[in-house]
There are 2 protein chains.
Amino acid sequence: MKPTDAELEILQVLWSKGPSTVRQVHDELTKTRDVGYTTTLKLMQIMQEKSILGRTEEARSHVYHVLIGEEETQKSLLDRFVETAFRGSATKLVIQALGQHKASREELDEIRALLNEQLNQNSPD
Amino acid sequence: MKPTDAELEILQVLWSKGPSTVRQVHDELTKTRDVGYTTTLKLMQIMQEKSILGRTEEARSHVYHVLIGEEETQKSLLDRFVETAFRGSATKLVIQALGQHKASREELDEIRALLNEQLNQNSPD
DNA sequence: CCTTTACTACGAAATCTTTCGTAGATACTA
DNA sequence: TAGTATCTACGAAAGATTTCGTAGTAAAGG
């Protein structure tokens with residue numbers, strides 16, 4: 001699954017807001033970017049054809065929902081990204097990400113826990 | 001700087017192998033993908049126009065070199081990626097990356113050190 | 001030399017993605 | 001009920017990226 005940039009924007013809205021009409025998605029999108037209503041409509045129709053989205057047509061305005069998981073999609077985007085941008089080195093990516101984005105105490109603890117897990121797998125004392 | 005996918009492939013070769021001719025880059029690319037020689041040539045010419053690459057024309061076959069830094073480019077790609085794929089949460093990205101890619105002992109230590117730095121900044125004991 | 005090979009230049013086709021205009025249908029409102 | 005607003009469908013333009021064919025030129029090998 002390799003959603004295009006515009007598709008990803010729509011996915012983000014649907015993942016965060018849940019099932020929505022074209023109008024609702026479009027209103028979200030136009031908060032940051034200027035784009036015509038029929039553009040959003042068309043994109044969502046295309047995404048439905050590709051089985052990225054499903055929809056219920058009961059009401060006059062259709063309600064769309066995402067058919068692919070956010071984490072699963074992120075996982076595959078991440079794999080691809082590590083390959084193309086970091087020559088396969090996830091570690092380099094992690095280091096850069098940690099270096100340039102601040103994390104909260106809780107987040108750091110979570111990451112630390114994960115690290116410990118890997119450390120143990122790697123060379124258990 | 002937002003190199004396209006094909007451009008990024010070429011950049012990877014040049015970053016890893018150093019200054020190279022079109023032939024050399026092309027031979028690397030065809031190890032994984034099937035593409036015509038003139039395609040690679042054209043891409044590199046375009047990249048030169050965009051000032052992503054420079055070249056010396058002394059020899060019959062030109063030698064190209066990268067004009068943008070690998071880390072700097074990765075940084076900007078990463079920022080963009082965190083936004084579009086992880087809704088801005090670098091932490092989610094880090095967690096996923098750690099979860100799905102194995103790291104060596106040394107790498108884990110490096111990450112751990114970085115974490116400690118951030119922890120201290122966040123809530124120094 | 002003359003032929004084959006390797007290279008650059010470049011236009012343009014092919015493909016993929018995004019954008020929009022127009023048309024037709026239904027609901028809402030004065 | 002006439003007019004306005006809102007929705008879907010859809011073709012096709014516009015834009016961006018990738019691919020390749022052809023032409024011209026210089027080198028290399030017989």
Side-chain angles (χ1 to χ4, degrees), chain A residues 1-14 19-65 68 73 76-77 80-81 83-85, chain B residues 1-14 19-65 68 73 76-77 80-81 83-85:
Chain A
M1 199 63 29
K2 191 178 71 66
T4 66
D5 283 355
E7 286 173 350
L8 206 45
E9 277 189 320
I10 290 171
L11 285 173
Q12 299 290 17
V13 173
L14 288 171
S20 312
T21 62
V22 173
R23 172 64 57 191
Q24 288 169 326
V25 170
H26 183 248
D27 285 351
E28 274 305 308
L29 292 187
T30 46
K31 282 181 183 168
T32 30
R33 214 161 50 85
D34 214 34
V35 71
Y37 176 83
T38 54
T39 300
T40 305
L41 172 65
K42 178 71 166 186
L43 277 171
M44 290 175 75
Q45 286 170 343
I46 289 171
M47 289 168 81
Q48 193 223 352
E49 266 170 26
K50 292 193 198 169
S51 297
I52 294 175
L53 301 184
R55 72 181 181 188
T56 56
E57 309 186 0
E58 295 151 23
R60 182 154 118 74
S61 55
H62 306 169
V63 176
Y64 288 79
H65 57 275
I68 58 179
T73 305
S76 92
L77 288 172
R80 188 185 178 71
F81 184 69
E83 274 317 310
T84 61
Chain B
M1 200 62 29
K2 191 178 70 65
T4 67
D5 283 355
E7 285 173 351
L8 206 45
E9 277 189 320
I10 289 170
L11 285 173
Q12 299 291 16
V13 173
L14 288 171
S20 312
T21 62
V22 173
R23 172 64 55 192
Q24 289 168 327
V25 170
H26 182 248
D27 285 351
E28 275 304 309
L29 292 187
T30 46
K31 282 183 184 169
T32 31
R33 213 161 53 83
D34 213 35
V35 70
Y37 176 83
T38 53
T39 301
T40 305
L41 171 65
K42 179 71 167 186
L43 278 170
M44 290 177 74
Q45 285 171 344
I46 290 172
M47 290 168 81
Q48 194 224 350
E49 265 170 26
K50 293 192 197 169
S51 297
I52 294 175
L53 301 184
R55 72 180 183 190
T56 55
E57 311 185 359
E58 295 151 20
R60 181 153 118 73
S61 54
H62 306 168
V63 175
Y64 289 80
H65 56 275
I68 59 180
T73 306
S76 92
L77 287 171
R80 185 184 180 74
F81 183 69
E83 272 318 309
T84 61

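Side chains are part of it too, since the values below use all heavy atoms of this structure and drop only hydrogens, waters and symmetry mates. Residue numbers begin at 1 in each chain, while the letters A, B, ... track the order of the sequences.
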Side-chain N,O (A:R33) to OP1/OP2 (C:dT18) below 4.0 Å: no

Distance (rounded to the nearest 0.5 Å) between A:L41 CG and A:S61 OG: 11.5 Å

Sugar-phosphate, base or nothing in reach of B:T39, heavy atoms under 4.0 Å: base

Ring geometry between A:Y37 and A:H26 (parallel below 30°, tilted from 30 to 60°, perpendicular above 60°): perpendicular

Side chain proximity check, B:E7 to B:I52, heavy atoms < 4.5 angstrom: yes

Value in whole Å for how far the C1' atom of D:dT8 lies from OH of A:Y37: 8 Å

Sugar-phosphate only, base, or nothing, as touched by B:S61 at under 4.0 Å among non-hydrogen atoms: sugar-phosphate

Length of the CD-C1' vector between B:E49 and C:dT8, whole Å: 13 Å

Euclidean distance, atom CG of residue A:L43 to atom P of D:dT8 [Å, nearest integer]: 14 Å

Spacing of A:I10 atom CD1 relative to C:dT19 atom C1', expressed in whole Å: 12 Å

hbond_proxy B:K42 side chain to D:dG21 base (donor-acceptor, 3.5 Å cutoff): no

Out of D:dT22, C:dC7, D:dT8, whichever nucleotide has its closest atom nearest the side chain of B:R23: C:dC7

Quiz item: B:R60 side-chain donor-acceptor pair to C:dA6 base, under 3.5 Å: yes

Of the listed nucleotides D:dT22, C:dT18, C:dT22, the one nearest the side chain of B:T38: D:dT22

Integer-rounded Å distance: C:dT26 P and A:E57 CD: 14 Å

Test salt bridge (charged side-chain N to carboxylate O under 4.0 Å, His left out) applied to A:K31 and A:E28, step by step: CA-CA 5 Å; A:K31 282 181 183 168; A:E28 274 305 308; 2.8 Å; yes

Between P of D:dC10 and CG of A:L41, the distance in whole Å: 11 Å

Nucleotide nearest B:Q45 when distance is taken to its side chain, options D:dT18, C:dA9, C:dC20: C:dA9

Test salt bridge (charged side-chain N to carboxylate O under 4.0 Å, His left out) applied to A:K2 and B:D5, step by step: CA-CA 13 Å; A:K2 191 178 71 66; B:D5 283 355; 5.4 Å; no

5′-ward residue of the pair B:K50/B:G36 relative to DNA chain D: B:K50

Sugar-phosphate, base or nothing in reach of B:T4, heavy atoms under 4.0 Å: sugar-phosphate

Separation of atom CD in A:E7 from atom C1' in C:dT17, rounded to whole Å: 9 Å

Between C:dT18 (C1') and A:L29 (CG): distance, integer Å: 13 Å

